[in-house]
2 protein chains.
Amino acid sequence: MTTTAPETTTRMRSEERRALVLEAATRVFGERGYHGATTDAVARAAGVSQPYVVRMFGTKEAMFLAVLDRAVERMMDAFRAAVAESADAPEGIGRCIATNYVELLSDRGLLLSLMQAFMLGADPVIGPEARACMRKVYVFLREEAGMAPDEAHEFLATGMMLNTLVGLRMADDYEREPAVRELLDEVFPTKLEFLLSLRDRES
Amino acid sequence: MTTTAPETTTRMRSEERRALVLEAATRVFGERGYHGATTDAVARAAGVSQPYVVRMFGTKEAMFLAVLDRAVERMMDAFRAAVAESADAPEGIGRCIATNYVELLSDRGLLLSLMQAFMLGADPVIGPEARACMRKVYVFLREEAGMAPDEAHEFLATGMMLNTLVGLRMADDYEREPAVRELLDEVFPTKLEFLLSLRDRES
DNA sequence: GGCATTTGTAATCATTCGATTACTTCTAAA
DNA sequence: TTTAGAAGTAATCGAATGATTACAAATGCC
């Protein structure tokens, strides 16, 4: 017991570890933004050392791009699943996607990382990649989900607002501020308890 | 000519200089976000030294809060003006505010700084202040602009989307990407040439 | 004109952070 | 069993950055 215990170091395959780090990075980037996130915070969130996460992706920038790519792919997966479901669903496809969209919020940071990227359009590397993400989503809504331009527009607008309210942590003021309660009741008519449950499991 | 020329150092009253620095800070924070912006970048954008901007606000955080405060006040001013105009205007009050809103985009960074703050809801200092900004806007729409909850909701959603598309610099791809052209034509039906002109005077 | 106040800068400090290097430990194949 | 490669860390480095200090120069007031 004089020497430090082996601590049951769970050793993983690099792919498995990479997935873990990507998930942690998604949470950290979503919460603090690209510049506010540190590789050390990602490392601690993933339970590995800081040099390891840097070497895993080469640079912090490459790591963020990997997070972005994963986020948009997962979002498209959820959307595709919603389209498949909506084939024999009474409600419109928009409502169906929207339901899956709100549930994407449970993947902490996924939508927020995307939003954080959307705010960095001026960045020479991240900007073009972020625009490509937005394009992918729009083209999906138009061509795969079969929405008209104005439907896609409205859908995107609602999505941006949901993202913003989550990024703001507006639910923190739900009980204290009547105006906030009214707004959230309006914006999340059916999914409010879900949103509040998300809030209550914060670090 | 051997000694360095006096360079016509325009000396200002502190209030005037403060306004100049705040405007520069708004641009820099809007473009790079709170963490990505440096006090040095703000100083250079304002044409003063870095220690000066720090001492002017005490800390970078206080400077960002000052930017936030100015931004939300200017937005409310524009909204109030729109409400006054709409008293004897045929189109609805929503459309009238929306017009003024788009024109707020010409104050480079103002809406983007707000959006950047909205994405930092987890920050212990910036978060509460950002939520207060959002509350102010919502309460204004409900009580002063006389909107119903669902009208305010839709208005906010459209605003978030406009902000996001501007932050993304989506207009950069207007000519190159047909999908982007379609989206922007839909979202900015009357104000497109205005948006494109904004894009064309970038640093 | 003298002088206190305000406006502003140069130099520099301490910290943080991304990245690098060198090393250890575990695993699997021959 | 040996050993090559993969998984992972400790230590540390250099650059960037927010902040501080000390100082210079312009302004206004008596």
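Every heavy atom of this structure was used, including side-chain atoms; hydrogens, water molecules and symmetry mates were not. Within every chain, numbering begins at 1; the chains are lettered A, B, ... in the order of the sequence lines, protein sequences first and strands thereafter. These numbers come from a predicted model, not from an experiment.
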Tell me whether [X] is salt-bridged to [Y], with the criterion being a basic N under 4.0 Å from an acidic carboxylate O.
X       : Y       : result
D173(B) : R176(B) : yes
D69(B)  : R74(B)  : no
R169(A) : E31(A)  : yes
E186(A) : R142(B) : no
E175(B) : R199(B) : yes
R181(B) : D185(B) : no

Just checking A37(A): base, sugar-phosphate only, or nothing, at a heavy-atom cut-off of under 4.0 Å?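 If one applies the 4.0 Å heavy-atom cut-off, A37(A) turns out to touch the sugar-phosphate alone, with no base involved.
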
Is it true that the side chains of R70(B) and T26(B) contain a donor and an acceptor less than 3.5 Å apart?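 Short answer, yes.
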
All N/O contacts under 3.5 Å from nucleotides 11-16 of chain C to the protein, with atom names and distances to one decimal?
none

Between [N] atom [atom2] and [X] atom [atom1], what is the distance in whole Å?
X      : N       : atom1 : atom2 : value
H35(B) : dA16(D) : NE2   : P     : 20 Å
M56(A) : dG18(C) : CE    : P     : 16 Å
D40(B) : dA15(D) : CG    : P     : 17 Å
F29(A) : dC17(C) : CZ    : C1'   : 13 Å

For Y174(B) together with F188(B), are the ring centres under 6.0 Å from each other?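 No, too far apart.
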
Quick one: which protein N/O atoms are closer than 3.5 Å to N/O atoms of nucleotides 4-7 of chain D? Pair and distance per line, please.
{"from": "dA6(D)", "atom 1": "N3", "to": "R11(A)", "atom 2": "NH2", "distance (Å)": "3.0"}
{"from": "dA7(D)", "atom 1": "OP1", "to": "S14(A)", "atom 2": "N", "distance (Å)": "3.0"}
{"from": "dA7(D)", "atom 1": "O4'", "to": "R11(A)", "atom 2": "NH2", "distance (Å)": "2.9"}
{"from": "dA7(D)", "atom 1": "O3'", "to": "M12(A)", "atom 2": "O", "distance (Å)": "3.4"}

Can you tell me if Q116(B) uses its side chain to pair, donor with acceptor, with the backbone of G30(B) under 3.5 Å?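 Pair found, side chain donor or acceptor close to backbone of G30(B).
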
Can the positive tip of K60(B) be found less than 6.0 Å from the middle of the six-membered ring of Y34(B), inside 45° of the ring normal?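 Yes; both conditions hold, so K60(B) lies above the ring face of Y34(B).
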
At less than 4.0 Å, is any side-chain N or O atom of T39(A) found next to OP1 or OP2 of dG18(C)? Yes or no.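 Answer yes for this pair, as a side-chain N or O of T39(A) is under 4.0 Å from OP1 or OP2.
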
Close side-chain approach of M160(A) to N163(A), heavy-atom, < 4.5 Å: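 Result yes, sub-4.5 Å side-chain heavy-atom pair found.
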
Strand contacts (DNA chain C) in residues 57-65 of chain A, 4.0 angstrom heavy-atom criterion: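 Only T59(A), K60(A) qualify.
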
